Amino acid sequence: GGIQMNVSSGFFFNFGLGNDEFYYKPVTDSSFEITKSNKSLRNTFLPSIGLMLHVYQRTYKSFKPAISIGFSTTNATDVKYYFGGSAILGKNQRWVLSAGICGGEKEVLKSNFGEGKEMLVSSNYKENHLEIETNKKFKVGGFVAFTFNLFGSSTKKFDFEAKGTNTTP
């Protein structure tokens with residue numbers, strides 16, 4: 001019995017958090033539409049490497065369901081955060097399959113254009129704004145992770161019983 005915590009590390013696949021790309025699409029000779037590129041679909045599933053902390057009931061079974069939190073990164077500035085459920089598989093050398101929600105910053109069209117909306121602009125505007133302005137915003141997506149338990153079965157049992165203290169001299 002008891003509660004056990006373990007850490008695993010491995011590969012994460014995020015979806016819904018890829019940066020959007022935009023371009024100027026000609027509408028007439030003097031106007032353009034700011035449009036999301038189909039190239040944005042390439043960013044649908046983003047791989048990364050990360051850590052998960054798993055909390056579960058201690059048991060000797062080969063399958064252990066767990067609640068998990070964690071983080072991953074693809075570079076020093078792009079951190080994703082995770083919360084979800086996990087299936088811990090195996091008794092000693094344990095593999096972990098996790099899924100749930102993830103959050104992180106995503107590049108979106110600057111808010112004065114209206115997030116995710118297409119907008120008509122003049123050729124004069126395009127000439128003065130060669131790059132389409134974007135902002136980073138915190139968004140929520142999903143994830144699937146395949147990780148390996150770093151400590152196996154060597155972690156200590158957490159005992160949450162209240163321990164009494166003797167206050168008499």
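What you see is a predicted model, and the numbers here were worked out from it, not measured in a lab.
Residues passing the side-chain hydrogen bond (donor to acceptor under 3.5 Å, both in side chains) test with Ser9, sequence neighbours excluded: none. Judged as a side-chain hydrogen bond (donor to acceptor under 3.5 Å, both in side chains), and not counting sequence neighbours, the contacts of Ser98 are Ser86. For Ser62, there are no side-chain hydrogen bond (donor to acceptor under 3.5 Å, both in side chains) partners, not counting sequence neighbours. For Phe12, the ring pair (Phe, Tyr, Trp, His ring centres under 6.0 Å) partners two or more places apart in sequence, or in a different chain, are Tyr82. For Lys25, there are no salt bridge (charged side-chain N to carboxylate O under 4.0 Å, His left out) partners, not counting sequence neighbours.
Counting side-chain heavy-atom gaps under 4.5 Å among Ile, Leu, Val, Met, Phe, Trp and Tyr, Tyr60 is found in no cluster with other residues.
Test Thr147, Asn149, Val96, Leu51 against Val7 for side-chain contact (heavy atoms from CB on, under 4.5 Å) and you get one pass: Leu51.
Summarising the geometry of Ser48 relative to Thr74, their closest heavy-atom pair is CB-CG2, 3.5 Å, with the distance given to 0.1 Å.
In terms of modelled atom types and a separation under 3.5 Å, the side chain of Lys80 and the main chain of Gly70 share no donor-acceptor contact.
In the hydrophobic cluster analysis, where Ile, Leu, Val, Met, Phe, Trp and Tyr join through side-chain heavy atoms closer than 4.5 angstrom, Met52 is grouped apart from Phe148. Cluster annotation: Val140 is connected to Phe71 through the hydrophobic network of ILVMFWY side chains, with a link wherever side-chain heavy atoms come within less than 4.5 Å. Cluster membership for Phe143 and Ile69, using ILVMFWY side-chain heavy atoms within less than 4.5 angstrom, is not shared.
You'll find the side chain of Lys64 reaches within 4.5 Å of the side chain of Thr59, heavy atoms only. Contact of the Val79 side chain with the Glu105 side chain is not registered, since no non-hydrogen atoms from C-beta on lie closer than 4.5 Å.
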* Criterion side chain to side chain contact (heavy atoms under 4.5 Å, CB included) on Asn6 and Arg94, from CA distance to verdict -> CA-CA 10 Å; Asn6 275 325; Arg94 293 182 279 209; 3.1 Å; yes
